[in-house]
Novice: 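Pasting a structure below so you can have a look.
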Amino acid sequence: MARSFLDHNLLSWEAFASTGKQGFTDDPHIVFQCRTIPEMRPRWIAANGDEADAQGMLLNATEADILNLFARAVDLP
């Protein structure tokens with residue numbers, strides 16, 4: 001499940017949970033992909049639990065929660 005949101009620069013982003021099967025480590029992550037500028041490097045932040053927990057976190061997050069996670073996210077290497 002993905003969530004769309006606007007950052008403070010009014011860029012559109014999509015947040016989704018990901019684990020090893022999408023090319024990331026086995027630990028769950030929340031990945032942020034810019035929809036406005038697809039060439040922009042994705043950002044990520046580690047999540048607790050497993051992929052289902054990360055998906056649940058996104059499902060229950062408010063817009064403010066997602067912006068807070070996004071603010072702490074770092075560029076993918």
Side-chain angles (χ1 to χ4, degrees):
M1 186 209 132
R3 293 277 304 266
S4 296
F5 67 97
L6 294 177
D7 70 9
H8 297 300
N9 295 318
L10 300 179
L11 295 176
S12 176
W13 291 82
E14 184 174 71
F16 59 93
S18 184
T19 59
K21 58 188 168 195
Q22 282 84 27
F24 295 93
T25 65
D26 289 336
D27 298 327
H29 293 83
I30 304 295
V31 179
F32 301 93
Q33 176 68 52
C34 186
R35 295 173 63 198
T36 306
I37 307 171
E39 303 81 32
M40 188 177 287
R41 184 175 291 280
R43 299 174 60 92
W44 71 280
I45 187 167
N48 294 324
D50 59 17
E51 186 176 11
D53 294 325
Q55 289 174 352
M57 185 172 72
L58 279 178
L59 178 67
N60 297 315
T62 65
E63 182 97 4
D65 293 336
I66 291 175
L67 287 172
N68 185 30
L69 289 170
F70 179 72
R72 295 184 297 145
V74 297
D75 288 347
L76 279 172

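In this text the structure is predicted, and so the values were computed from the model without any measurement. Scope of the values below: all heavy atoms of this structure, side chains included, with no hydrogens, waters or symmetry mates.
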Novice: Report the residues that fulfil salt bridge (Lys or Arg N to Asp or Glu O under 4.0 Å) with R43, sequence neighbours left out, ordered by chain and then residue number.
Specialist: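 Testing R43 for salt bridge (Lys or Arg N to Asp or Glu O under 4.0 Å), a comparison that skips the adjacent residues, returns D75.
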Novice: For the residue pair A54 and A17, what are the closest heavy atoms and their distance?
Specialist: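 That closest heavy-atom pairing would be CB-CB, 3.7 Å.
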Novice: How close do P42 and Q33 get, counting heavy atoms only, and between which atoms?
Specialist: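 Scanning both residues, the minimum pair turns out to be CG-OE1, 3.2 Å.
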Novice: Checking T36 side chain against S12 main chain: does a donor-acceptor pair fall under 3.5 Å?
Specialist: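 Flag set: sc T36 to bb S12 pair under 3.5 Å.
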Novice: Under the side chain to side chain donor-acceptor pair (under 3.5 Å) rule, what pairs show up with a residue in residues 59-71, not counting sequence neighbours?
Specialist: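 Those involving residues 59-71 are T62-D65.
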Novice: Rest of the hydrophobic cluster containing L6 (Ile/Leu/Val/Met/Phe/Trp/Tyr, side-chain heavy atoms under 4.5 Å)?
Specialist: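 L10, which link up through side-chain heavy atoms under 4.5 Å apart, make up the rest of the cluster.
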Novice: For D53, which residues count as a side chain to side chain donor-acceptor pair (under 3.5 Å) partner, sequence neighbours excluded?
Specialist: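 Residues passing side chain to side chain donor-acceptor pair (under 3.5 Å) with D53: none at all.
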Novice: Under the 4.5 Å side-chain heavy-atom rule for ILVMFWY, direct or indirect, which residues accompany W13?
Specialist: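 Direct or chained contacts put W13 with F5, L11, I30, F32, I37, M40, I45, M57, L58, I66, L67, L69, F70.
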Novice: Which pairs count as salt bridge (Lys or Arg N to Asp or Glu O under 4.0 Å) when at least one residue sits in residues 1-18, sequence neighbours excluded?
Specialist: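 Those involving residues 1-18 do not exist here.
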Novice: Which distance, rounded to the nearest 0.5 Å, do you find between the SG of C34 and the CD of E39?
Specialist: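 It comes to 9.0 Å.
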Novice: For R35, what residues pass the side chain to side chain donor-acceptor pair (under 3.5 Å) criterion, not counting sequence neighbours?
Specialist: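 R35 satisfies side chain to side chain donor-acceptor pair (under 3.5 Å) with S4 once adjacent residues are dropped.
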